[in-house]
Amino acid sequence: MHEDPTPAHVAPALFLIHDSSLDDMKIARLGGLAKVTFLRWAEREKPPRQSRVLCYLGDEMIRELATSALEREWEIGVLPHPDARQAMLAMGVRGELHEVFRHYLDAPVVESNAVTCNDELVLSSVVIGRVLALRPNDINRHQSPWHILKGALKGLGNLKLALYRLTTGKEKEVRLAALGLVAVTRYESALIGRSFVQELVPSRGAITLMVLAPRSITSYLWFLLRLLLPWQFNPSHSPASLGLIQTDSLRIVAPQGAEYLLDGKPIYSAEIEFKVLEGSIRLLAGPAMKSTRDVVETVSRETVRLNHVPTGDAATALLQRKLPLFTHASEEEYRELFVSLRDNARASSSYQVLMVLSVLLALAGLYSNSAPVIIGAMILAPLMSPIVSLAMGLARSDSSLIRTAIGTLLVGVAWGLGCAILMAWAMPLDIPTHEMNLRMSPNLLDLMVAVVSGVACAYAYSRKEVAKSLAGVAIAVALVPPLSVVGIGIGWANWSMAAGASLLLLTNLVGIALAASVTFWMLGFSPFKRARAGLGISLLVLAIISVPLSLSFSHLVERVRILDGLPRGAIQFQDFRVEVESADVTLGNPLLVIMVLSSREPLNATQVDEIRAYIGRTLDRPFQLEVQSNIRR
């Protein structure tokens with residue numbers, strides 16, 4: 001629609017066509033506001049061309065009168081009437097009768113497409129199927145986001161896509177599966193007006209159809225959330241669930257038939273045909289009508305933007321099935337990813353070279369206690385590829401892929417252990433550095449990091465646009481550093497060191513593989529019946545690993561709690577004063593408390609006993625105290 005750029009120099013004659021429900025009192029009041037000719041429904045043909053005609057009629061009468069308005073170029077406005085809800089919605093009518101009447105005396109004129117659906121004029125919208133809140137909202141009945149959300153969630157578990165065959169004005173045929181379709185003539189819906197940019201405003205001579213086709217319940221809910229959020233989005237970058245068609249005529253065939261709502265009136269048909277009539281209806285903008293910002297030109301081309309709306313064979317595959325919880329990958333997406341992961345599962349020469357180089361780099365960082373060097377080794381390490389391939393094998397219970405991926409992992413582990421053991425024998429150092437110690441006491445937090453990273457890794461592999469995040473995943477889960485520490489522990493014959501690092505390495509491997517396989521299943525790369533065997537084995541291994549991790553985590557929590565209870569800063573006793581520089585705790589029976597204290601004079605045995613008694617009142621448990629006394633003057 002657009003405002004008439006040519007101003008009227010002479011005010012047109014004003015007529016009011018009404019039904020029998022307009023009583024004499026209302027007629028007298030309206031007549032006192034302006035010079036107006038009142039006509040009953042039977043006299044509706046009397047207004048001459050280019051008159052200003054107001055209607056106090058129901059929707060069906062207005063729809064019939066619109067044909068005369070189109071032929072005679074009337075400027076037509078709708079007055080508030082209890083049976084004209086759809087016409088009031090289409091023309092932005094809100095308020096009391098006399099207020100709207102007074103508004104129409106100098107209201108601007110806008111031109112609107114005259115669109116018919118199966119030869120019936122469309123005043124507001126045509127809704128086919130379930131379309132959330134995309135249908136125009138009744139401007140005279142406020143609908144909060146909560147009511148929209150509650151209505152959209154009804155029957156959530158029974159949502160199904162239906163097949164539609166569309167033929168556009170330029171004879172383009174599209175076969176698609178959709179939850180619902182909606183054709184609109186005005187965007188008076190508060191939701192649509194708030195969510196969509198001007199690109200969606202109908203062009204003159206065109207029908208605008210929106211297609212809602214979520215592939216899963218999650219995408220359905222995400223689209224609903226996008227509609228409820230306050231900012232707008234451009235249809236060219238809209239959610240995959242939404243398609244847009246603009247054309248000068250449109251034919252929709254529903255093979256199994258469809259019930260549609262024409263301005264709220266239910267009609268059943270297997271074929272629905274939209275046409276744009278020649279000429280435009282000259283409407284008087286109602287008080288709530290949103291005026292367009294620019295003059296809209298007549299369209300010379302049609303728009304068919306279906307994004308990821310399922311079409312063709314993909315549409316057939318989704319029919320008559322309840323929407324899954326998560327979007328299933330298409331055949332093309334699955335084939336491309338599966339070929340890539342099968343290639344990554346092989347122990348190629350480049351894989352082995354990168355494995356040796358990353359282990360050597362990690363060993364250099366561990367011995368020099370350099371975190372940046374260790375991070376470089378994490379990025380260089382190629383172990384993530386066979387782990388993700390193993391995850392896909394578990395998700396699809398593909399024994400061939402599982403064997404290949406495990407074999408490649410074992411080759412990488414063998415190279416890592418061999419390099420680390422040789423380095424431990426060659427190096428004259430045999431004291432663990434801080435970076436080595438960090439990888440010897442894993443707990444549940446490390447498992448959580450592995451699980452989150454496994455989800456991120458599988459998602460990044462399955463989505464090309466986020467594949468650049470794989471480096472971050474590799475850094476988050478360190479595979480090569482704990483493998484190197486295992487080799488160092490074996491080389492030093494430090495079995496507790498090797499065992500602790502082995503537990504961390506196994507935690508990362510199992511956590512990533514399980515989380516990634518679950519993610520692949522959720523993304524639709526494998527049905528649950530096929531995935532449950534591999535997932536069950538992974539869960540069993542994870543449960544076994546979680547036992548020592550839980551114990552380690554509980555020890556960590558206990559140690560932190562004890563450290564929080566130890567004194568800090570300066571402690572004043574009767575005869576002396578000490579400063580606590582640091583404190584540490586070694587769990588055991590009894591507990592060992594290690595403190596570094598400073599004072600002006602060396603501490604004697606009596607003073608140490610007094611400090612021990614002071615700490616004992618806080619801990620309230622048996623412990624031993626180890627004190628390092630520094631003299632500060």
Side-chain angles (χ1 to χ4, degrees), residues 125-135 148-149 151-168 172-184 189 191-192 195-196 199-200 207-228 233-247 250-261 270 272 274 302-334 463 522-524:
S125 66
V126 176
V127 176
I128 308 168
R130 181 168 181 171
V131 292
L132 289 165
L134 284 180
R135 69 183 65 182
I148 295 171
L149 179 63
L153 295 180
K154 289 181 179 178
L156 193 63
N158 297 315
L159 296 180
K160 293 181 181 179
L161 301 185
L163 179 65
Y164 299 97
R165 294 190 181 97
L166 280 61
T167 304
T168 67
K172 182 173 182 178
E173 296 185 0
V174 181
R175 185 164 61 96
L176 56 82
L179 192 61
L181 315 170
V182 57
V184 290
S189 165
L191 190 61
I192 290 181
S195 300
F196 293 91
E199 183 179 349
L200 263 185
I207 301 160
T208 298
L209 181 80
M210 284 182 286
V211 181
L212 179 62
R215 291 173 180 258
S216 64
I217 292 176
T218 52
S219 60
Y220 175 90
L221 295 176
W222 170 240
F223 179 71
L224 175 63
L225 178 63
R226 287 289 301 272
L227 283 178
L228 295 178
F233 64 87
N234 192 307
S236 60
H237 303 289
S238 63
S241 305
L242 181 67
L244 172 68
I245 296 175
Q246 285 188 313
T247 182
L250 184 64
R251 183 168 176 265
I252 302 174
V253 177
Q256 296 185 356
E259 184 177 81
Y260 64 93
L261 299 177
I272 305 170
F274 293 94
E302 66 182 20
T303 299
V304 179
R305 186 184 299 134
L306 295 179
N307 296 335
H308 294 283
V309 171
T311 58
D313 293 338
T316 305
L318 295 173
L319 294 177
Q320 303 306 320
R321 296 189 322 191
K322 294 180 181 179
L323 288 183
L325 181 60
F326 299 99
T327 302
H328 286 183
S330 66
E331 189 67 27
E332 182 180 352
E333 291 172 332
Y334 162 72
R463 298 289 188 270
M522 291 170 61
L523 292 175

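- Side-chain contact check for Leu250 versus Thr168: some heavy-atom pair is nearer than 4.5 Å.
- One finds the CD1 atom of Ile128 at 12.5 Å from the CG atom of Leu212 (value rounded to the nearest 0.5 Å).
- Put simply, the side chain of Leu209 reaches to within 4.5 Å of the side chain of Leu166, judged on heavy atoms.
- Minimum heavy-atom separation, Lys160 to Leu179: O-CD1, 3.3 Å.
- Two residues are said to be in side-chain contact when any heavy atoms from C-beta on lie closer than 4.5 Å; Val126 and Phe274 meet this criterion.
- For the residue pair Thr167/Glu173, the side-chain donor-acceptor check at 3.5 Å is not satisfied.
- Under the 4.5 Å side-chain criterion, counting only non-hydrogen atoms from C-beta, Met210 is in contact with Leu242.
- Within the 4.5 Å cutoff, the side chain of Leu163 has heavy atoms near those of the Arg175 side chain.
- Counting all heavy atoms, side chain and backbone alike, Pro310 lies closest to Ala213 at CD-CB, 3.9 Å.
- Side-chain contact between Val174 and Val309: absent, with no pair of heavy atoms (C-beta onward) separated by less than 4.5 Å.
- The shortest side-chain heavy-atom distance between Val211 and Tyr164 does not fall under the 4.5 Å cut-off.
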